[in-house]
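Below, read A as the first sequence line, B as the second, and so on, with proteins coming before strands; counting in each chain starts at 1.
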2 protein chains.
Amino acid sequence: MLPADRHQQILNRLQEHGIVHIHELSQTFSVSEMTIHRDLDQLETEGHLRKVRGGAVPIPAPALASPVETCFMCHTAPRSQTQMTLHLSNGVVQRACCPHCGLHGLMMLGDQVVSAFASDFLRGNAINAQAATYVVEPAVAICCTPTVLAFQNKSDAERFQKGFGGQVLDIARTLQFLNQAAHLKSHRKKEM
Amino acid sequence: MLPADRHQQILNRLQEHGIVHIHELSQTFSVSEMTIHRDLDQLETEGHLRKVRGGAVPIPAPALASPVETCFMCHTAPRSQTQMTLHLSNGVVQRACCPHCGLHGLMMLGDQVVSAFASDFLRGNAINAQAATYVVEPAVAICCTPTVLAFQNKSDAERFQKGFGGQVLDIARTLQFLNQAAHLKSHRKKEM
DNA sequence: GACAACATGTTAGAATTTGTTATAATGCCT
DNA sequence: AGGCATTATAACAAATTCTAACATGTTGTC
């Protein structure tokens, strides 16, 4: 049994019974009480429970996200720093979770799109998608893959690239990249 | 069997069981544990899972900012990638726009805070404020000043610092920094 | 067929986890 | 408050797991 397994089961028992006892847990999992102590210490610093003498009790879980409109491409929830909005000629506004989906949508909808806004990844403010600078395929996966992030300044994009890698592209080259990626790569789970 | 097949099956098993064990996977697919390690490394950098000792677990869903509520310190609107939540002993949940406000609130409220969550600046998922790594005063101003950003991995924080500068600190040193910064402006002192 | 790119296995050393022991701290009882 | 039993912490050694480096085999391209 893995430490992570044990941690999960401890949290389950905690939720079920409202309290867990160290002596009991050590027998259940056939490990020493010291190991349970260390498990509880870690879960406590991660904010999952509160240690009391001889065991642990639950703490309130973080507030759950309220239901929000989802990405019109992949149906995950858009976040302020990555989202894009596409304004169509018929007045409809489409919301995308990230530039990956937003730019794919842009290609898909073609002339129907009157204007497109991305969000600056650092600050979250809306920027024109045409004027934005994009970082494609950095070393961290964010939202959909291949990861595409938008920046209001080219210098911000280059700074991000300095730490996280990837290519700094304008919108035309980013669209070109996504087109090639869509043709070359086999479909992945969260690709759209 | 192709690596891509194995990756897909690993993800399926992960979704089904909530955890996968390296030893078990290596036997199932008749490959060495090193190969499974490499599979999990790749899936981790692609953002599909998180490695733990002996196996891997799914990625928690990102937290969402509800548009209405404002920061309890500065009353600006919190965004998903920067927000913090403080859970108080009386059950109240306080929401802050960014670690700058959240950590100031943490100092102010002291023992009343049962647990504190920050959001990973890159992905927006909730992380424990105690275990997070912070970048203080980078070359870009984001939300309140002095700018403080939270990261789930120290390596992410260091990568960000590589491009944008600033200091990489743990929570204790970040609080210390904020205290000193506050003293330069006003001469009020808070003990912890 | 030569070559590069990729996938896999093996090994040694580093890092993490675990149990044991000794010592400190806490709660409870009178 | 003092004494006792229980629980918590710290330090160490042993076991396990992780990582990096290299060697080997496989695939695809020219």
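- Following rounding to the nearest Å, B:H23 (NE2) and D:dC18 (P) show an atom-to-atom distance of 12 Å.
- When the P atom of D:dC18 is taken as reference, atom CG of B:D41 falls 10 Å away, rounded to whole Å.
- The nucleotide whose nearest atom lies closest to any side-chain atom of A:P3 is, among C:dT17, D:dA10, C:dT10, C:dT17.
- Across D:dT19, D:dT9, D:dC18, the shortest atom-to-atom separation from the side chain of B:K51 is found for D:dT19.
- At a cut-off of 3.5 angstrom, the base of C:dT17 holds no donor-acceptor pair with the side chain of B:R53.
- Taking atom CD on A:E33 and atom P on C:dT18, their separation rounds to 15 Å, with Å as the unit.
- For A:Q15, the CD atom sits in a loose shell: 12 or fewer heavy atoms of surrounding residues, nucleotides or ligands are nearer than 6.0 Å.
- As a whole-Å value, the separation of B:Q42 CD from C:dT8 P is 10 Å.
- Along DNA chain C, the nucleotide nearest A:T35 and the nucleotide nearest B:S30 are compared for position; the residue whose nucleotide lies closer to the 5' end is B:S30.
- A donor N or O paired with an acceptor N or O is not found under 3.5 Å between the base of C:dT17 and the side-chain atoms of A:R38.
- Using modelled atom types, one finds no donor on one side chain facing an acceptor on the other under 3.5 Å when comparing B:N128 with A:H48.
- Put simply, CG on B:L40 is 13 Å from P on C:dT8, counting in whole angstrom units.
- Checking D:dT19, C:dT8, D:dT9 against the side-chain heavy atoms of A:H37 singles out D:dT9 as nearest.
- Under the 6.0 Å cut-off for aromatic ring centres, B:F160 and B:F151 qualify, their centroids lying closer than that.
- Side-chain atoms of A:Q83 do not come within 3.5 Å of backbone N or O of A:C97 as any donor-acceptor pair.
- Atom CG in B:D39 sits roughly 14 Å away from atom P in D:dC18 (whole-Å rounding).
- If you take CD1 of A:I36 and C1' of C:dG19, they are 13 Å apart, rounded to a whole angstrom.
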